[in-house]
Structure formats: C-alpha cells, structure tokens
Amino acid sequence: MNIKNNILLIAIALFTWTACSDDNNPEPEQPPVDNMDTGFAKGADVGWLTEMEYNGKKFYSSDGREKECMELLKELGMNSIRLRVWVNPSKGWNNSDDVLVKAWRAHNLGMRLMIDFHYSDTWADPGAQSKPAAWEGLTFPDLKTAMYIHTTGVLNRLKEYNIDVEWVQVGNETADGLLWEDGRASVNMQNYAELITTGYEAAKSVYPDTKVIVHLDRGNENALYRWNFDGLKNNGGKWDVIGMSLYPEADTWQEMNNACLSNIQDMISRYDTEVMICEVGMSWDEPEASKAFLTDLIDKARNVANEKCLGVFYWEPQAYGNWEGYTKGAFDNSGRPTIALDAFFD
C-alpha cells in the first residue's frame with residue numbers, strides 16, 4: 001500500500017477513535033506522550049479491538065462513561081499494548097493495515113508496544129502452527145526469506161509513522177516450534193532455531209534496540225521451557241526475552257503462580273535472560289479470584305531476580321459478551337471492566 005493510502009487509513013482510524021469519545025465532536029489528535037513509563041510493563045493484548053468496534057461493541061468506565069478502549073485501559077493503570085500480526089487473514093483483521101491502526105492509537109496515548117508475529121494467516125498456538133498459504137511449498141531457505149521480508153515489512157510500516165516498538169515476539173506460543181512442518185521443534189530443532197534467529201535478525205534490522213521475545217505457553221511447566229530453550233541455545237537460536245503464558249482457574253492460581261515464579265527464576269539464572277509474562281487470563285465471572293491472582297503475580301514478578309521480569313500482559317481483557325466464545329476477559333456483559341483490572345492500578 002502506498003503512502004497516500006496509508007494516510008487515508010490513519011484518517012479512518014482517527015475517526016473511529018474520536019467517534020468513541022464522550023461527546024459527538026471529534027477531538028484533535030494528541031501528540032505522543034514524552035514521559036512514557038519505562039518501568040514494569042502492565043499491559044493488554046487488544047488484537048480484537050477494531051473488529052469488536054466494527055461489530056458495534058462499546059466500552060465504558062465503571063461509572064458508565066463511554067471511552068475508547070485503549071484510553072480506558074490506560075486510566076486503569078496499563079502502560080503497554082500487545083498486538084498480533086497475521087500474514088494474509090481471510091477477513092483482514094490483524095493484517096499489517098489493521099495492526100497499524102491500533103499501533104497508531106497506542107502511540108498517540110504514549111503507550112509502549114509489543115508486536116506479536118504469528119507467522120500464519122490465522123491463530124498460531126501449541127496445537128496449530130500453520131504456514132501462511134502463500135508460503136506453502138517454499139524451500140526452507142525461501143521460507144526463511146519470506147519470514148524475514150514479512151517481519152521487516154510490518155515493522156517498517158510502523159517505523160514510517162515514528163511508532164516505537166519496544167518488544168517483538170517471534171512466533172506465538174512456540175512450545176513445539178513454528179511454521180510446521182519445517183520448523184516443528186520436536187522433529188527438527190535446528191530448523192526451529194534458524195527460524196527464530198531469522199525473525200530476531202529481521203526485527204533488529206528495523207528496530208536495533210527492540211527486545212526480541214520467544215514465547216511459550218504453560219509458564220508453570222519448567223521442563224517444557226528447559227527443553228525448548230536448551231534446544232534453541234544448543235542450535236544457535238537468538239533471543240533477548242523469554243515470554244510466558246499463564247491461564248489458571250480460580251482454584252489453581254496460587255499453585256500455578258508459585259510454579260511460574262519458580263520457572264521465571266530458573267530461566268533468568270539458566271540462560272541469563274529477561275522474562276515477560278505475555279499472556280494471562282481468568283474467567284470474567286470470577287473477578288475476585290482474578291484480582292487476587294493478578295495482584296499476587298504482578299507484585300511478585302516485578303520484584304523477582306533484580307527486576308529481570310519485565311511485565312505482565314492480560315490477553316484480550318476487553319472481550320465481553322462471549323465474544324468469539326472467549327470467556328477469560330476482564331469486562332462484564334455491560335462492557336465495563338471488572339475489579340480484576342484493579343490489580344494493574346498502582
């Protein structure tokens with residue numbers, strides 16, 4: 001897409017943003033905040049946001065004020081936004097255009113940004129790491145080239161608008177690798193390591209100071225992390241930060257928090273690396289338990305091992321009303337945040 005079309009896209013994004021303000025008059029664009037919080041990251045993945053808005057979903061403060069969602073999350077104490085990227089999704093959501101819209105909003109709110117590359121046309125997770133359709137049949141060297149071009153292409157679009165990207169996630173929940181079958185870790189750890197390194201080098205070529213994250217699920221399972229990161233290390237894989245997911249139930253969060261924190265300490269010691277908790281969530285209708293879980297995790301994580309745990313991100317807290325069948329958000333059915341998010345407010 002050329003620059004003229006990009007400018008049109010941004011104008012549409014800003015219209016959507018201001019249309020959600022407290023009155024009907026569009027407000028002037030605010031410049032990025034200069035004194036951006038650079039301490040512990042307290043954030044949210046809001047990849048569904050523009051699609052939810054398109055489908056008429058609105059967001060409200062606890063006292064009933066209609067708010068743009070990211071602005072509301074900032075009021076609730078969050079300082080960071082995480083956005084997933086798909087290569088060529090069938091409906092367009094989470095492609096580079098959609099990511100640019102959301103990243104621009106976060107930038108103008110002075111929020112820090114993580115870009116999460118799935119390297120797929122749809123969801124990538126421990127049970128599915130499908131190649132983009134356009135990459136099927138490529139040789140392994142050509143697959144790495146396509147991955148590099150996609151990564152730099154998305155990041156360069158953000159850089160055109162002076163949007164800073166503090167963290168880049170190479171793959172999503174890659175417990176058994178990515179871009180199957182070529183990059184399935186249990187079959188070919190060397191290929192997995194080479195793909196991770198390709199993403200790492202692509203990210204650094206655009207944003208030299210960005211921290212590159214390799215992200216696994218089940219942050220409470222130390223054996224999984226040792227197997228995966230020993231494999232990467234032994235095969236020349238490059239990363240800056242180990243990312244984790246953690247999704248406990250109301251009756252298991254204490255045990256899982258303790259196991260996760262122990263795993264964090266082991267990762268820091270074993271690999272001399274930093275750690276980020278990239279995804280957390282709990283059922284929206286267990287707000288008291290969720291608040292207790294998050295408060296405990298945030299308080300302990302921010303003080304672990306000389307502050308080498310960088311932050312905690314809630315996955316899609318704004319999802320409500322059984323959106324896409326997801327029930328682990330932190331808003332109630334009226335579109336208001338539950339008390340669970342009080343844990344993010346200092």
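The residues R112 and D164 are annotated as not salt-bridged, no charged nitrogen and carboxylate oxygen being separated by less than 4.0 angstrom. Checked for salt-bridge contact, D182 and K131 meet the test: a charged N lies under 4.0 Å from a carboxylate O. A salt bridge links R157 with D97: the closest approach of a Lys/Arg side-chain nitrogen to an acidic carboxylate oxygen falls below 4.0 angstrom. Taking 4.0 Å as the cut-off between side-chain N and carboxylate O, R336 and D63 do not count as a salt-bridged pair. Ion pairing between K211 and E166 fails under the 4.0 Å rule for side-chain N and carboxylate O. Using a cutoff of 4.0 Å between basic side-chain nitrogens and carboxylate oxygens, E286 and K328 are not scored as salt-bridged. Salt bridge annotation for E66-K58: present, with a cationic side-chain nitrogen under 4.0 angstrom from a carboxylate oxygen.
Side-chain contact check for Y192 and N228: at least one donor-acceptor pair (N or O, by modelled atom type) lies under 3.5 Å.
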Working note: W315 + W48, criterion ring-ring contact (aromatic ring centres under 6.0 Å, His included); need CA distance, chi angles, decisive distance, verdict.
CA-CA 10 Å; W315 198 82; W48 269 323; 5.2 Å; yes

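Note that the CZ atom of F344 and the CZ atom of F40 stand 8.5 Å from one another [nearest 0.5 Å]. The line from CD of E75 to CD of E71 is 5.5 Å long, rounded to the nearest 0.5 Å.
Between V168 and the options L155, V154, I213, D116, a side-chain contact (heavy atoms from CB on, under 4.5 Å) holds for only L155. Screening Q169, K233, H215 for a side-chain contact (heavy atoms from CB on, under 4.5 Å) with W239, the sole residue that qualifies is K233.
Heavy-atom neighbours of Q190 CD from other residues, nucleotides or ligands within 6.0 Å: above the threshold of 12.
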For residues 134-141, which side-chain donor-acceptor pairs fall under 3.5 Å, sequence neighbours excluded?
from : atom 1 : to   : atom 2 : distance (Å)
T139 : OG1    : D142 : N      : 3.3
T139 : OG1    : D142 : OD2    : 3.3

